[in-house]
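Working notes, structure below.
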Amino acid sequence: MNGGRNVWAISPEERDKHDKQFDTLSPATGFVSGEQARKFFLQSGLPSSVLAEIWALADMNKDGKMDRLEFSIAMKLIKLKLQGTPLPSSLPIIMKQPPVPAPSSTGMGSMPNLSMMPGAIAMLTPIPMTSNFASMTPNLSSMTPNLSSMTPNLSSMTPNLSSMTPNLSPMAPVTGLTPMVPMATGMVPLVATSTMPLSNSSSTTSLAGSSPKTAPSDWAVPQASRLKYRQQFNSLDKHMTGYLTGQQVRNAMATTLLTQTQLATIWTLADVDKDGKLRGEEFILAMHLVDMAKTSQPLPLTLPIELIPPSQRGAVNGTSLSLYAGITEELEDKFKANLERGNAELEKRRQALQDTQRREEERRQQKEREERERREREAREQEERRRKEEERRLERQRELERQKEEERLKEIERKEVAQRELERQRKEEWERRRRGELLSQKSQEQEDIGRLKTRKRNLEMELEAVGNKHRQISERLHDAQSKRKVQRSELELTNQRRDTSRLDINSLQRQLEEYQRKLSQLTPEQQRLSDKLRNMALNNLPVSTMSTLKRSASEKDGVCRKLKQQLDALENETAAKLADMDQYQNDIQVRTFNILGQLDHRKSAALTSFRALYPFTARNQDELSFEADELIEVDESTEREQGWLYGCRQGKMGWFPESYVERQAKPETPAVINATPAATTTAVATTAVYATVAKQAPRPQLSTPKHTGLQAQALCSWTAKTESHLNFSKDDVIWVLEQQDSWWLGELNGAQGWFPKTYVTLLGENEDTTNFVSSNQNVSEVMFCVIQSEYVALYTYESPEPGDLTFREGDVILVTQREGEWWSGGIGDRTGVFPSNYVKPKETDTSSNSGKSGQPGKKPEIAQVSTTYTATGTEQLSLAPGQLILILSKNPTGWWLGELQARGKKRQKGWFPASHVKMLGSNSGKSTPAPLPVCQVIAMYDYKAANEDEMSFSKGQLISVFDKNDPDWWKGEVNGVTGLFPTNYVKMTTADTDPSQQWCADLNSLDSMSPQERKRQGYIHELLQTEERYVEDLQIVMEVFHKPMSESGRLTEAEMAMIFVNWKELIACNTKLLKALRVRKKTGGENMPVQVIGDILSSELAHLQPYIRFCSCQLNGAALLQSRTDNQQDFKDFLKKIATDYRCKGMPLSSFLLKPMQRITRYPLHIKNILESTQEDHADRRPLREALERAEELCSQVNEGVREKENSDRLEWIQSHVQCEGVTENLVFNSLTNCLGPRKLLHSGKVYKIKSNKELWAFLFNDFLLLTHAAKQFSSSGPDKLFSTKNNTQLKMYKPPVFLNEVLVKLPDPSSEEPFFHISHIDRVYSLKTENINERTAWVQKIKAASEDFLETDKKKREKAYQARSLKASGIGRLLVTILEATELKSCKSNGKSNPYCEVTMGAQIYTSRTLGDTVNPKWNFNCQFNIRDLYQDVLCITIFERDQFSPDDFLGRTEVPVATIKKELENKGPATRRLLLHEVPTGEVWVRLDLQLFQNRASK
């Protein structure tokens, strides 16, 4: 305290002043109301909230009124608050006590605290002053240092002693000093005596206040706290001991969250009796100290007297009395005189000080009163001057407004008069013109009515004629349909009879074959007996033996005759059945063709024969069934689908696959195989030798016939089926001209034709045999001589098998045995077996017959199997490496028909894929295998090669692909021609369209996927791979072509820009797309499936606007490149030289320049494939649909840009001739707008400012209006001359671009003849004029239309975003996301500033934050909520864009977090804040707060 007065104490002077102020308020019954006090307190200038708090402290009884004491307390608190002292939390006790006088410090410097210790005055008898006071002065003086030294301890020990004596008058004289005694904590006063009576009731109150039994109201602990903590004490004192131990108190205070130091201090202060326990009042005191600590009030070092529990104060006072009793007797005489003298001196000085203070206070108050009156007077004067000035200003303003209103009314009246006059004149003129127009229109309409009536009559007549014709046609059609039904029923009956006849014929054929088999067995026996008989006759055998032999021979002859007769009977019966069959077939064909002729389904045309390779079963009535090797007549002139033929077999007609048949050559066109019942079984033993020899001959041609000397006799009749066949009857002798395997060419009665060899037998064989026998040669030797002949090897044959004969091409082989498909022969001393189709007869001249029908001299093609193939049907061949196949035919679809060369087995025929074999050349036995195709594709369109290294093909052809490293140009082969072709002209075949096995997924994951999902992942992998290769090609162009061409100086910068346009921008946007795809792939795992990809494609495709400019300008660049190549040989050689780089794969620059256009067209195809393989309920389906729409929209924009070449050229002209200074963004005119698609130039021309008549050039685009002025004046007669390439004028931007969604165009006066109009833009108005009224009308109409389109598009965009946000979706949980801020964003602007906004998506759910201006560290604090549908498929995607005005928003980074990852990291942890790095950009990160909440009932499911 240091002797100072308590700051909360109210002095008597202050109390007197407060009482005077209280009386000025006219109190009623000693109280002032709250309204009176409020008006008075508001004069202090304190806020109402502070005054309310002061009222709550001062109104102690809470009655809403104030007495004098409460009013004085309130005034004291207001004064302290104005001085800067903070208000107390509760009213100090000293403010409730009477006023305390200010202490005096003069003459008592050594005892500053004596006046503050009156508490013990009444406890001792006063000591009277004696005459020995002077003699005691030395003692007093000698004790002064001790007292002075004890003052600090005394002050520190009794900080609140003044507050303990509230009723002691400060004016009581002090006649003695209070003795000091040492204690554990310092020196404290024991007693002070006073010989002067206290004023009023000071003595009584002091006695009451110093009583040990202090009333409970003196305890500083509030009553509410006492009750509260007494209840807590009772609840803790469960054993009713009356005290709490340290452990119990510690547990109770553990919840207070105070430090251990604070709790230890509270325990020390509360444990008053130092017994280690807390009784009831001590516990209440401890909890009160806890409350003080919680409210940040400092804890006292020692316990003040007002905080000591009342029950404990007696013990403290008792101790003081006992000490005093022991010391008083010793010091009473010594200090009596000193105390009296000191008190007198102290009282004297106190009175002088009080007088001085009172005078000073009066002077200060007078001065303040005068100063306050002066300030109030000046304020009143200033207010009066301000009021008069405001009145004068308002009067002037009203006068100006009155004048303006009068002028405006006069102007309006003048305009109204002029407008009425003009309107009257215009109305009269309009009426005159309208009357003339109506008259002319009336005459014109009358003429039109006449013409229409005439036309109506003509149309009615034509309609009647058409109706009659329709009825006639309907009747004819009905008759034709009826006839067709009747003929169809007849045809069915005929087919039934035919089937019955066929069964009979088959039975007879089986009997005939049995008899022929027996005959073939007996004929050699007959020959052997005849030979034996001849030998015996020659050797003079005995007669008996001869007779026996003759008898045996006669018996055999009898048996043979019988068999011959039976055979003739069967042949006659068979011939009759065949004749009937032929008749039935002719009738059926005639009827069928008659029906088709009536219905106009077929035109007359030559029929072509096709042989069935495989059996085919009809699946409906329109198709034709047949078996293998059957012949079918086909009219190729019939309109048909690709791959199908319409033909007739045995009277039945229908459609069948073209791949199931092969065309028959004209010389070899037998009618129907079923008509030749003995085609393979009627050869007799006597013709075996000749048949074997004939098999060697090439297929006969219809050349000039030459008689070979062979004659054949007909075994049965044969009827020609075509014009090239030969008719003959039984036993007719036919000259054989040429021989084939099954068909011979013969001549009979001057007619030539083909016939089956099984219907005849050769004549003259007995004579040949007799000649051999007469020459004493053995029959076996004769046969050996006939069979043994020389053959020439067509190909080299090598075999590791023992017993095989190996040879080289051109070797001569002596054939010794020709049985089956493997022959025996020898070369020199080597013998063995070999395939028969590897050789040809030596005497045959294959060259003479080449080029004719059938081509018998053509070398057969042999292929060797390179890879294993397993047949999937009965009509296919299974292949093993090393096998040899004879190629019979090649199908353009990539499937070949071949015959498998397997020794000792029946040769199988069937189809196989050409990619599994390699052709054997004619120069080596082991030819170098042809490159194996990677896959096969089908041409979707016709393509004509534009360069030497390309190849042409037609729609529907099958192309074998050998190299597909380039995503846009593949290398392939079709019809033996190899070259490059564009990939967007073809599609994959069925075997290659399923990409499910092409992506490198984890095997376990692959097995767990559905086929549709595997296919989807394959397409995604294909998109990623092709994008990587495309970006590589873009880089190759810059490194291989652009850099050398630029450094060589062969082209100017303008020409380079015309050829490559904005190639670097293409690289930038596709690199960004590729990075986004790679990040999404990496997020899910390298070998794991990609769940969502549509959102990336949708967002990135919107930023491919550089393609619009490139594709629209590419034609000019290609034309320039072609012109330079054609006209400059050195430039052409230069391009060829740099194109030899291995990375170009032989492609020229022109092919690379086409890649961007091709890539744009591939995006919709890729996305469509992914979308078709995506399930309906997949989270990626909606983003994929949006991506497909954007891809198709981009393609249409590119196409539109190419078509609008003029618009593109003009935009390029503006880009190069307008200086866009002062625009914060890089303005590219020939590009996409922010939300309206490609930028279009709607109008342009010259306008003038109305006031200054300044000439401006205005350009109206579909998104903004640009005003420019020329750097130097120039003349222009129209827009064509303005955009001329010869015009080098430079324009400067006059004002920043005016966006059309923020403008309002209006005319000053519709009736005005002046070409004026105004454009209002936010807070600026442009007043412009044109050269004439028509030009003004054009400008106004086009600006209004463009503005309306802009606003409508903006409205639709907002509605779409709102609909996407308002969708109600259910799921298994929800994710609360708070985007806090982003840091270190990489700005796209040159000034380093950015206007970023954030877009947060999860599937179709989209939220967009507000845009913050000019910052790279935005703080959004943006909240959004997402419904979770699939825990393992949903991905939270956060994308940051930079808001642009003239182009689509720039990309500043993206980050993704799968919901499964969020669940794993936040499980059982609650909300968390994460820092996420932005991908696809150099720098940047975003801070988000995530809170995942899963619904238990759905999550468990």
Side-chain angles (χ1 to χ4, degrees), residues 1052-1058 1060-1062 1064-1065 1105-1106 1108-1110 1112-1113 1116 1206-1234 1238-1249 1252-1300 1302-1303 1319 1321-1322 1324 1326-1328 1330 1339 1343 1346 1387-1393 1395 1414 1442-1448 1450:
T1052 63
E1053 292 185 2
E1055 291 174 334
M1056 290 288 292
M1058 184 177 295
F1060 295 99
V1061 197
N1062 56 344
K1064 293 182 180 179
E1065 295 181 8
Q1105 70 274 12
I1108 300 176
R1109 182 184 178 192
F1110 177 84
S1112 60
C1113 301
N1116 292 338
E1206 180 181 2
N1207 180 72
S1208 176
D1209 292 342
R1210 292 189 174 187
L1211 292 177
E1212 291 294 332
W1213 187 93
I1214 297 174
Q1215 187 72 48
S1216 59
H1217 288 76
V1218 176
Q1219 301 175 8
C1220 301
E1221 298 177 355
V1223 180
T1224 57
E1225 299 181 18
N1226 181 24
L1227 178 54
V1228 179
F1229 292 95
N1230 191 11
S1231 66
L1232 285 178
T1233 62
N1234 185 269
R1239 182 168 288 108
K1240 298 179 181 178
L1241 179 64
L1242 303 180
H1243 195 56
S1244 62
K1246 187 188 302 183
V1247 297
Y1248 302 90
K1249 292 192 66 179
S1252 62
N1253 203 31
K1254 183 180 180 64
E1255 182 183 84
L1256 302 177
W1257 286 91
F1259 301 93
L1260 176 63
F1261 304 94
N1262 55 343
D1263 58 339
F1264 65 87
L1265 173 67
L1266 180 64
L1267 298 176
T1268 65
H1269 63 92
K1272 59 180 180 179
Q1273 296 294 330
F1274 70 99
S1275 59
S1276 173
S1277 59
D1280 294 335
K1281 188 173 182 180
L1282 173 66
F1283 297 107
S1284 174
T1285 56
K1286 298 179 180 180
N1287 190 347
N1288 296 324
T1289 301
Q1290 291 295 320
L1291 301 174
K1292 291 184 180 181
M1293 187 180 299
Y1294 175 65
K1295 293 292 183 183
V1298 179
F1299 287 93
L1300 299 182
E1302 302 171 347
V1303 302
I1319 299 176
H1321 178 241
I1322 306 179
R1324 188 178 182 90
Y1326 298 91
S1327 300
L1328 305 173
T1330 58
W1339 274 108
I1343 292 176
S1387 175
C1388 299
K1389 298 180 180 178
S1390 58
N1391 59 1
K1393 295 298 182 66
N1395 301 322
D1414 293 335
E1442 179 179 357
R1443 183 76 69 186
D1444 285 340
Q1445 294 178 320
F1446 305 105
S1447 61
D1450 291 328

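Model, not experiment: these values are computed from the prediction.
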Side-chain contact test, heavy atoms from C-beta onward, threshold under 4.5 Å: evaluate it for [X] versus [Y] and give yes or no.
{"X": "M1058", "Y": "C1113", "answer": "no"}
{"X": "I1214", "Y": "L1241", "answer": "yes"}
{"X": "W1257", "Y": "H1217", "answer": "no"}
{"X": "L1260", "Y": "W1339", "answer": "yes"}

Distance in Å, [X] [atom1] paired with [Y] [atom2], rounded so as to fall on 0.5 Å steps:
{"X": "L1300", "Y": "H1321", "atom1": "CG", "atom2": "NE2", "answer": "9.0 Å"}
{"X": "S1231", "Y": "I1108", "atom1": "OG", "atom2": "CD1", "answer": "8.0 Å"}
{"X": "Q1219", "Y": "M1293", "atom1": "CD", "atom2": "CE", "answer": "10.0 Å"}
{"X": "L1291", "Y": "L1267", "atom1": "CG", "atom2": "CG", "answer": "11.5 Å"}
{"X": "Y1248", "Y": "L1328", "atom1": "OH", "atom2": "CG", "answer": "12.0 Å"}
{"X": "T1268", "Y": "K1292", "atom1": "OG1", "atom2": "NZ", "answer": "12.0 Å"}

Quiz item: Looking only at atom types and distance, does a side-chain atom of D1450 sit under 3.5 Å from a main-chain N or O of E1442, one as donor and one as acceptor?
Solution: no

Quiz item: Is a side-chain donor or acceptor of E1302 paired with a backbone partner of F1299 at a separation under 3.5 angstrom?
Solution: no

Practice problem: Hey, can you tell me if F1264 and F1261 have their rings parallel, tilted or perpendicular (30° and 60° cut-offs)? | Solution: tilted

Nearest heavy-atom neighbours spanning [X] and [Y]:
{"X": "Q1215", "Y": "N1230", "answer": "OE1-N, 4.5 Å"}
{"X": "C1220", "Y": "L1227", "answer": "SG-CD2, 4.0 Å"}
{"X": "T1233", "Y": "P1448", "answer": "O-CD, 3.2 Å"}
{"X": "R1109", "Y": "E1065", "answer": "NH1-OE2, 4.5 Å"}
{"X": "V1247", "Y": "A1258", "answer": "CG2-CB, 4.2 Å"}
{"X": "Y1294", "Y": "K1249", "answer": "OH-NZ, 2.8 Å"}

Exercise. Scan Q1445, K1240, R1239 and name whichever one has a side-chain hydrogen bond (donor to acceptor under 3.5 Å, both in side chains) with D1263.
Key: R1239

